[in-house]
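Take a look at the structure below.
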Amino acid sequence: MTAPLSPTVGNPWLCHTVRIAAITPEISGVATYDFEFTDPDAANRYQFRPGQFNMLYLPGVGEAAISLSAHPAARRRWSHTIRVAGNVTQALAQLGTGGVLGLRGPFGSSWPIDDCRGRDVILVAGGIGLAPLRPVVYRLLAERSHFGQLTLLHGARSPGGLLYTREHATWNAGGVAVQTTVDRTAADWNGNVGTAVVLLDRLPLPRPENTVLLTCGPDVMMHFTARAALQRGLPASQLWISAERNMQCAVGLCGHCQLGPEFVCQDGPVFRYDRIAPFFRVEGL
Ligand SMILES: Cc1cc2nc3c(=O)[nH]c(=O)nc-3n(C[C@H](O)[C@H](O)[C@H](O)COP(=O)(O)OP(=O)(O)OC[C@H]3O[C@@H](n4cnc5c(N)ncnc54)[C@H](O)[C@@H]3O)c2cc1C
């Protein structure tokens, strides 16, 4: 398990002010926000690992956990891809470029990219679950020669739900083979129909014992992805998921995000599957 990092900008309770430097509309109800710290010292110290998240604070509204979807080597602007869900994300969507908000973080564990060296890597992303995997794609591309076969399987409910499609050609050209699929087809869709698990079932796996799979998406998708991977011969110790649970303090105190014996905010959100599997599909956890 990759060790959780302490926030790189000091006190985990201290909210740093960030400004919205750019907004990129993605899919319906989802946009990528690039944040810049107003304090140059905080900006200089801020670093994150792929898979980690920040707590975004809208004064008078509340806080929400949001993953970094940025390039891991980002130094000035940090991207977050956000779906409008409730109070905080709605208030954020009202702010335009130049709007300010608070940020605590980064928090949580990270994807085990160093353990992927020399191995084949499969990323399985459902819908906006691709957001916390985008920094992994950037790392794999930046260090392409250190990895074996690289595949991204990305599923969405409909073609309009596929994320970052403008980047897929670059990712393919760089050596990450992108396959997309949708649950429901559309008139202009000539691609795959079915879940990402179907793509995984069809994917040639020349050396499952030397393959790592990282997945993020709805719980049910990650459950069936893990089951399919195990059936194809991947060891449980080489499957990693990113769990999403209702989160409040982000520092392991409030207990809102507890999953069995784990706190998603501190022990996760990235877990080795065999560590979390017994609790993952228990109703109410
Ligand atoms: C580690 C982590 C990373 C995340 N990364 C992202 C991200 O990159 N982009 C993104 O758009 N969202 C992400 N989320 C989800 C986001 O934190 C929630 O959608 C958050 O509730 C939005 O706040 P809100 O005030 O707008 O909505 P709220 O008013 O809090 O809630 C809206 C609705 O969603 C329900 N809800 C709240 N939290 C969750 C949850 N975790 N799972 C299921 N239902 C929930 C509420 O009960 C309510 O019905 C992440 C969550 C976690 C825990």
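Counting starts at 1 for both ligands and their atoms, following the listed order.
In summary, of the residues considered (Leu200, Thr211, Asn210), a side-chain contact (heavy atoms from CB on, under 4.5 Å) with Leu234 occurs for Thr211 alone.
Aromatic ring orientation, Tyr138 versus Trp171: perpendicular (interplanar angle above 60°, classes split at 30° and 60°). Ring geometry for His168 versus His154: interplanar angle over 60°, hence perpendicular rather than tilted (30 to 60°).
Scanning all protein heavy atoms for the shortest distance to atom 29 (O) of ligand 1 gives Asn87 N, 3.3 Å. The protein non-hydrogen atom at the shortest distance from atom 24 (P) of ligand 1 is Val88 N, 3.5 Å. For atom 3 (C) of ligand 1, the closest heavy atom belonging to the protein is Ser67 OG, 3.3 Å. Among protein heavy atoms, atom 47 (O) of ligand 1 sits closest to Asn246 ND2, 4.9 Å. Atom 15 (C) of ligand 1 has Glu244 OE2, 3.4 Å as its closest protein atom, hydrogens excluded (heavy atom only). From the protein, the heavy atom lying nearest to atom 13 (C) of ligand 1 is Ala65 O, 3.6 Å. Atom 53 (C) of ligand 1 has Arg245 O, 3.1 Å as its closest protein atom, hydrogens excluded (heavy atom only). Closest protein heavy atom to atom 12 (N) of ligand 1: Ile66 CD1, 3.6 Å.
Within 4.0 Å of atom 33 (C) of ligand 1, not a single protein heavy atom is present. Within a 4.0 Å radius of atom 19 (O) of ligand 1, the protein contributes at least one heavy atom. There is a protein heavy atom less than 4.0 angstrom from atom 41 (N) of ligand 1. Distance check on atom 10 (C) of ligand 1: some protein heavy atom falls below the 4.0 Å cut-off. Within the 4.0 angstrom cut-off, atom 7 (C) of ligand 1 has one or more protein heavy-atom neighbours. Counting protein heavy atoms under 4.0 angstrom from atom 27 (O) of ligand 1 gives one or more.
Atoms CH2 and CG, from Trp111 and Leu133 in turn, are 4.5 Å apart once rounded to the nearest 0.5 Å.
Atoms of ligand 1 lying under 4.0 Å from any heavy atom of Thr89, numbered from 1 in the order shown and given with element: 22 (C), 24 (P), 26 (O). Each of the following atoms of ligand 1 lies closer than 4.0 Å to a heavy atom of Arg83: 10 (C), 11 (O). Close contacts between ligand 1 and Ala85 involve ligand atoms 19 (O), 32 (C) [criterion: under 4.0 Å to a heavy atom]. Interface of Phe53 with ligand 1, defined as ligand atoms under 4.0 Å from a residue heavy atom, comprises 1 (C).
We find that Glu143 and Arg117 are joined by a salt bridge, their nearest charged nitrogen and carboxylate oxygen being less than 4.0 Å apart. For Glu36 and Arg19, the salt-bridge test fails: no basic side-chain N is under 4.0 Å from an acidic carboxylate O.
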>> What verdict does the side chain to side chain contact (heavy atoms under 4.5 Å, CB included) test give for Ile23 and Thr32, after you've listed the backbone C-alpha separation in whole Å, the side-chain angles of each residue and the deciding distance to 0.1 Å?
In response: CA-CA 6 Å; Ile23 304 173; Thr32 296; over 6 Å; no

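Ligand 1 has no N or O atom lying under 3.5 Å from any N or O atom of Pro269, backbone or side chain.
Between Tyr273 and Trp240, the distance from one ring center to the other does not fall under 6.0 angstrom.
Checked by atom type, the side-chain pair Tyr46/Asp39 shows no donor-acceptor distance below 3.5 Å. When only modelled atom types and interatomic distance are considered, Ser79 and Asp34 share a side-chain donor-acceptor pair under 3.5 Å.
The shortest distance between side-chain heavy atoms of Arg166 and Glu26 falls below 4.5 Å.
Relative to the ring axis of Phe147, Arg119 does not place its NZ or CZ within 45° and under 6.0 Å from the centre.
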